[in-house]
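Working notes for the structure below.
Sequential numbering from 1 along the given sequence is applied to the chain's residues.
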Amino acid sequence: MRANMIDLVLATDNFRHFSDLKFLQQRIVSPDFEPSGKDKQHITNYLIHLADISNPTKPWKLCYKWIDLLFVEFFHQGDKEREKGLPISFLMDRFDTNIAKAQGGFIDNFIRPAFELLSNILPETKENLKQMEENKAQWKALEDGYDPSNRFTQKELEDDKIIEEDEELSEYSQEEGESRNYSEDEEEEEEFNENDRIYRNRKEEGDTDSIDDE
């Protein structure tokens with residue numbers, strides 16, 4: 001059992017994607033293919049992996065929201081790599097990554113072949129393929145809007161305005177895209193920080209009496 005669980009975790013590594021895909025393609029056409037027998041672990045590993053990368057096959061609203069959140073994380077990592085003079089990782093440079101085109105490539109190269117194979121084992125997952133094609137069409141329509149040359153100017157790069165926008169986006173919930181409901185403690189902390197900022201500004205101006213009066 002322990003070995004099986006370890007194998008399931010390792011199966012989520014995209015490094016194994018193409019080798020596992022090729023192996024399973026060969027197994028399902030083999031005369032001795034047994035999905036509930038000796039091939040059960042391979043099938044289970046594959047299902048776990050596809051669940052991990054299945055976002056492009058989910059309803060559009062959910063797919064779109066998760067990609068927005070994912071690229072907030074990606075671009076923040078790219079910003080840190082830029083600050084430290086490191087090579088910026090693939091898809092993590094906000095100034096030359098077209099998110100919509102990247103999703104189209106991900107669907108064509110990763111998702112479609114993987115889910116087409118899955119549909120041969122579980123025919124009901126053809127619905128996921130249908131949704132995936134609808135999502136790809138949505139991303140295609142958004143490509144111009146996501147073109148970095150249409151989104152950023154040099155001044156925005158210098159002022160880090162786009163980073164600020166991403167930080168604002170991270171304040172949204174992952175479920176419905178609505179603003180998070182802060183607890184009373186968080187509200188009190190925000191109020192304290194704001195008052196502290198005002199006090200420090202007035203102190204620098206030599207006007208702490210007005211704070212005391214308040």
Side-chain angles (χ1 to χ4, degrees), residues 1-75 77-78 87-93 96-148 174-175 177:
M1 176 63 73
R2 182 175 183 274
N4 289 345
M5 294 302 296
I6 292 173
D7 207 26
L8 287 171
V9 173
L10 294 177
T12 64
D13 189 344
N14 274 334
F15 180 78
R16 289 177 45 169
H17 177 86
F18 292 106
S19 60
D20 286 354
L21 177 64
K22 183 178 180 180
F23 176 81
L24 199 54
Q25 285 172 332
Q26 294 172 344
R27 286 301 303 152
I28 66 171
V29 297
S30 175
D32 63 343
F33 178 58
E34 297 178 1
S36 60
K38 62 182 178 182
D39 292 298
K40 183 177 181 179
Q41 185 65 38
H42 299 305
I43 296 293
T44 307
N45 290 352
Y46 193 70
L47 290 172
I48 289 290
H49 172 54
L50 291 198
D52 193 39
I53 63 172
S54 64
N55 187 62
T57 71
K58 295 178 180 178
W60 170 247
K61 183 178 179 181
L62 187 60
C63 170
Y64 179 82
K65 185 59 188 177
W66 274 107
I67 291 301
D68 247 3
L69 293 167
L70 175 67
F71 274 88
V72 169
E73 178 183 337
F74 276 15
F75 289 162
Q77 177 174 329
I88 299 177
S89 301
F90 180 56
L91 295 180
M92 296 187 183
D93 188 340
D96 68 9
T97 297
N98 186 315
I99 295 174
K101 280 188 176 180
Q103 289 312 294
F106 184 55
I107 287 171
D108 288 341
N109 296 306
F110 275 79
I111 303 303
R112 183 182 291 108
F115 273 85
E116 285 178 344
L117 176 61
L118 180 63
S119 70
N120 292 326
I121 304 169
L122 299 173
E124 55 266 43
T125 58
K126 289 180 180 178
E127 287 298 315
N128 297 83
L129 282 167
K130 180 181 177 181
Q131 182 65 58
M132 177 202 70
E133 295 298 348
E134 293 176 4
N135 291 345
K136 186 186 176 185
Q138 293 271 23
W139 287 119
K140 182 67 177 177
L142 294 174
E143 283 185 4
D144 287 345
Y146 274 103
D147 189 325
Q174 296 179 350
E175 295 180 356

Check your understanding: Going through the checks in order, is the side chain to side chain contact (heavy atoms under 4.5 Å, CB included) test met by Arg27 and Ile43?
Key -> CA-CA 10 Å; Arg27 286 301 303 152; Ile43 296 293; over 6 Å; no

Practice item. Determine, stepwise, if the pair Ile67 / Gln103 fulfils side chain to side chain contact (heavy atoms under 4.5 Å, CB included). Key: CA-CA 9 Å; Ile67 291 301; Gln103 289 312 294; 3.3 Å; yes

Review point. Where do Gln25 and Leu21 land on the side chain to side chain contact (heavy atoms under 4.5 Å, CB included) test, with the steps shown first?
Key: CA-CA 6 Å; Gln25 285 172 332; Leu21 177 64; 3.9 Å; yes

Practice item. Apply the test side chain to side chain contact (heavy atoms under 4.5 Å, CB included) to residues Leu118 and Leu47: give CA-CA distance (whole Å), side-chain angles for both, the deciding distance (0.1 Å), then the verdict. Key: CA-CA 8 Å; Leu118 180 63; Leu47 290 172; 3.6 Å; yes

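Atom NZ of Lys126 sits in a sparse spot, with 12 or fewer heavy atoms from other residues, nucleotides or ligands closer than 6.0 Å. At most 12 non-hydrogen atoms from other residues, nucleotides or ligands lie less than 6.0 angstrom from NZ of Lys101. Atom CG of Asp52 is surrounded by more than 12 heavy atoms from other residues, nucleotides or ligands within 6.0 Å.
Under the 30°/60° scheme for interplanar angles, the aromatic rings of Phe74 and Phe71 are found to stand perpendicular.
Applying the side-chain contact (heavy atoms from CB on, under 4.5 Å) test to Phe18 and every residue at least two apart in sequence or in another chain returns Phe110. Qualifying side chain to side chain donor-acceptor pair (under 3.5 Å) partners for Asn14, counting only residues two or more places apart in sequence or in other chains: none. Listed by chain and number, the residues in a ring pair (Phe, Tyr, Trp, His ring centres under 6.0 Å) with Phe33 amount to none (sequence neighbours excluded).
Tyr46 places a side-chain N or O within 3.5 Å of a backbone atom of Ala114 that can act as its donor or acceptor partner. When atom types are taken as modelled, the side chain of Asp7 and the backbone of Asn45 share no donor-acceptor pair closer than 3.5 angstrom. At least one donor-acceptor pair closer than 3.5 Å links the side chain of Asn135 to the backbone N or O of Lys58.
Distance NZ/Lys40 to CD/Glu34: 12.5 Å, rounded to 0.5 Å. Rounded to the nearest 0.5 Å, atoms CG (Asn4) and CZ (Arg2) are 11.5 Å apart. Distance check, rounded to the nearest 0.5 Å: OG1 of Thr12 to CG of Leu50 gives 12.0 Å. Note that CD1 of Ile48 and CD1 of Ile53 are 12.5 Å apart. Values are rounded to the nearest 0.5 Å. Separating the NZ atom in Lys136 from the CD1 atom in Ile107 is a distance of 7.0 Å, to the nearest 0.5 Å.
For the residue pair Glu116 / Asn120, no side-chain donor-acceptor distance below 3.5 Å is found, with atom types taken as modelled.
Between Glu133 and Leu129, every side-chain heavy-atom pair lies at or beyond the 4.5 Å cut-off. Within the 4.5 Å cutoff, no side-chain heavy atoms of Tyr64 are placed close to those of Gln138. At a threshold of 4.5 Å between non-hydrogen side-chain atoms, the residues Asn98 and Pro148 count as touching. With a 4.5 Å cut-off on side-chain heavy atoms, Gln77 and Ile88 do not count as touching.
Closest approach of Ile28 and Leu117 over heavy atoms only: CD1-CD1, 3.1 Å. Between Leu122 and Thr125, the shortest heavy-atom distance links the atoms O-OG1, 2.6 Å. Residue Thr57 comes nearest to Gln131 through the heavy atom pair O-CG, 3.3 Å, listed as atom of the first residue, atom of the second, then distance. Taking every heavy atom of both residues into account, Pro56 and Cys63 meet most closely at CA-SG, 4.0 Å.
For the side chain to side chain donor-acceptor pair (under 3.5 Å) test with Asp20, the passing option among Lys22, Arg16, His17 is Arg16; the others fail.
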